[in-house]
Amino acid sequence: MKSPFPPPSPPHAIVIGSGFGGLAAAVRLGAKGYRVTVLEKLDAPGGRAYVHRRGGHVFDAGPTIITAPFLLEELWTLCGRRLSDDITLKPLDPFYRIRFDDGSWFDYSGDPEAMRQEVARFSPQDLDGYDAFFREAEKCYRLGFERLATISFQSFSDLIAVLPDFMRMGAWKTIYSRVAGFIRDPKLRMVFSFHPLLIGGNPFSVTCAYTLINALERKHGVHWAIGGTGALITGLVGLVKGQGNEVHCNAEVKEIIVRDGRACGVRLADDRLMESDIVVSNADTAWTYRYLVPARHRRHWTDSKIERTRFSMSLFVWYFGTRRRYSDIPHHMILMGPRYRALLTDIFKRKKLADDFSLYLHRPSASDPTMAPEGHDTFYVLSPVPHLESGVDWACAAEPYRKKIAAYLHGSVMPGFEDHLTESFVTTPIDFQNRLLSFRGAAFGPEPVLTQSAWFRPHNRSEDIDGLFMVGASTHPGAGVPGVIASAKALESVIPDPSTLRRANA
Ligand SMILES: Cc1cc2nc3c(=O)[nH]c(=O)nc-3n(C[C@H](O)[C@H](O)[C@H](O)COP(=O)(O)OP(=O)(O)OC[C@H]3O[C@@H](n4cnc5c(N)ncnc54)[C@H](O)[C@@H]3O)c2cc1C
């Protein structure tokens with residue numbers, strides 16, 4: 001007989017923020033049976049993967065190097081679809097070109113033989129060390145990524161349980177010292193150690209466990225999503241909506257409402273209240289605790305603990321279009337400046353804006369004609385800079401800094417390009433703070449040093465408040481698109497089963 005009562009409505013989860021982590025969390029919550037509302041401060045989803053469209057150019061604001069596509073595939077599978085239904089991924093070969101200040105370059109790819117040839121061009125005596133380095137990197141991938149990335153480190157015993165894995169990886173060593181233990185050539189040491197910069201870490205401070213990135217790229221490739229990284233965000237929003245759930249933009253959360261020690265909804269910037277059974281924050285964890293949760297509810301994440309956190313570097317990004325094409329610039333190019341360790345010390349430790357820089361130059365129109373008007377190119381150039389503790393007044397410093405970068409590009413790989421500029425705009429650490437609400441304007445949350453990783457990183461389930469959860473770059477496992485998508489999986493393991501909440505609410 002049909003029940004005379006309507007079925008109970010599913011428990012409600014609010015997700016604050018629509019970055020890759022927030023959207024991946026929304027998909028997993030939806031698949032678990034929650035009704036999900038994603039609330040996004042900006043006028044469009046994506047967070048660091050926001051898309052600026054100007055003059056026919058498509059500027060992906062942030063992530064461009066797409067690795068570990070199987071993590072995306074899992075989300076599509078949860079919705080009964082395939083990633084290829086919505087997204088065309090194009091494998092890139094080489095992954096990127098690393099150009100040194102003297103004009104020489106190394107083409108970095110996933111082909112072990114091509115890589116050996118590149119290593120031999122610089123230093124044949126480092127070939128054995130290179131092979132041995134990759135064997136270690138693969139071990140770190142198996143232990144650090146396959147086993148640890150999706151564990152949610154909630155208790156100290158979770159950490160104790162994985163200590164043998166940390167020992168096997170030699171995790172107390174820095175990535176630079178691990179590379180230097182195998183490879184002697186100074187340029188090759190840069191080539192194999194710079195990867196943690198992609199997730200906000202200084203190669204001279206972060207654990208060598210992050211050599212897992214070298215192995216991850218080799219195993220699963222570096223890809224480009226046709227239409228840009230924004231196409232992945234559109235695809236994820238489509239999954240959330242396809243589950244019958246909602247993504248609201250221009251919806252800034254001002255407070256997480258806590259009643260009897262439990263998160264039970266949010267207050268929006270327009271003072272609207274929205275109730276929920278759980279709240280998941282994809283916003284920066286430091287910002288979430290400091291500004292969205294009143295201090296009286298926080299015993300662990302006190303203001304002084306937040307202040308004591310070591311934050312990652314920030315970024316200066318110049319987006320520009322040209323009315324001609326630069327066919328000899330590859331899709332991804334890293335331009336190493338004259339200094340390596342000393343520059344990173346300026347950025348991470350001295351918090352000093354240096355006169356020199358190392359740059360990442362992105363030319364998506366090299367692989368994808370949809371990214372620029374015909375005959376034009378779309379670019380961004382990114383420079384790691386200290387976060388806002390530097391005291392730099394970016395309102396004054398931005399334009400001279402942009403000009404310095406332009407002069408460097410003119411003198412190195414794009415002579416005369418400024419005569420062909422069309423669109424031009426920049427992002428500074430102030431935007432990371434004021435627009436993306438990131439503490440100290442850090443681009444990647446807490447710096448991923450060993451003492452701020454795994455159990456030591458802000459937990460996926462709040463240490464302070466029941467029913468409050470964290471997902472994204474500033475919780476476990478950390479920044480980068482694979483990291484934040486993995487964090488949604490770690491989150492899933494600590495989210496209550498919706499049926500238990502239904503009973504509690506009945
Ligand atoms: C320039 C740049 C280049 C990068 N390149 C790469 C790359 O090539 N490959 C790679 O893997 N990674 C890259 N990264 C790192 C990667 O982009 C990030 O680690 C990842 O996208 C962060 O995702 P997230 O889910 O943590 O959240 P975010 O993208 O930070 O999104 C958080 C969202 O929360 C919203 N929000 C914050 N507070 C509130 C509030 N109170 N109310 C409502 N909404 C709120 C924000 O507006 C934002 O949309 C790059 C990062 C940058 C900045």
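Just so you know, ligand 1 is whichever comes first in the structure, and atom 1 is the first atom listed for that ligand.
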Enclosure of W105 CH2 (heavy-atom neighbours >12, cutoff 6.0 Å): no

Ring pair (Phe, Tyr, Trp, His ring centres under 6.0 Å) filter on H376, not counting sequence neighbours, yields H57

Within the 4.0 Å heavy-atom cut-off around ligand 1, the contacting residues, ordered by chain and number, are I16, G17, S18, G19, F20, G21, G22, L39, E40, K41, L42, G46, G47, R48, A61, G62, P63, T64, I65, A251, E252, V253, N282, A283, L292, L315, Y380, L382, F432, L436, L437, F444, G472, A473, A479, G480, V481, P482, V484

D271 meets the salt bridge (Lys or Arg N to Asp or Glu O under 4.0 Å) criterion, sequence neighbours left out, with R267

With sequence neighbours left out, the residues meeting salt bridge (Lys or Arg N to Asp or Glu O under 4.0 Å) with K90 are none

Per ring pair (Phe, Tyr, Trp, His ring centres under 6.0 Å), F439 is matched among F444, W301, F311, F432 by F311

Q. Are E252 and K254 ion-paired here, with the side-chain N under 4.0 Å from a carboxylate O?
A. yes

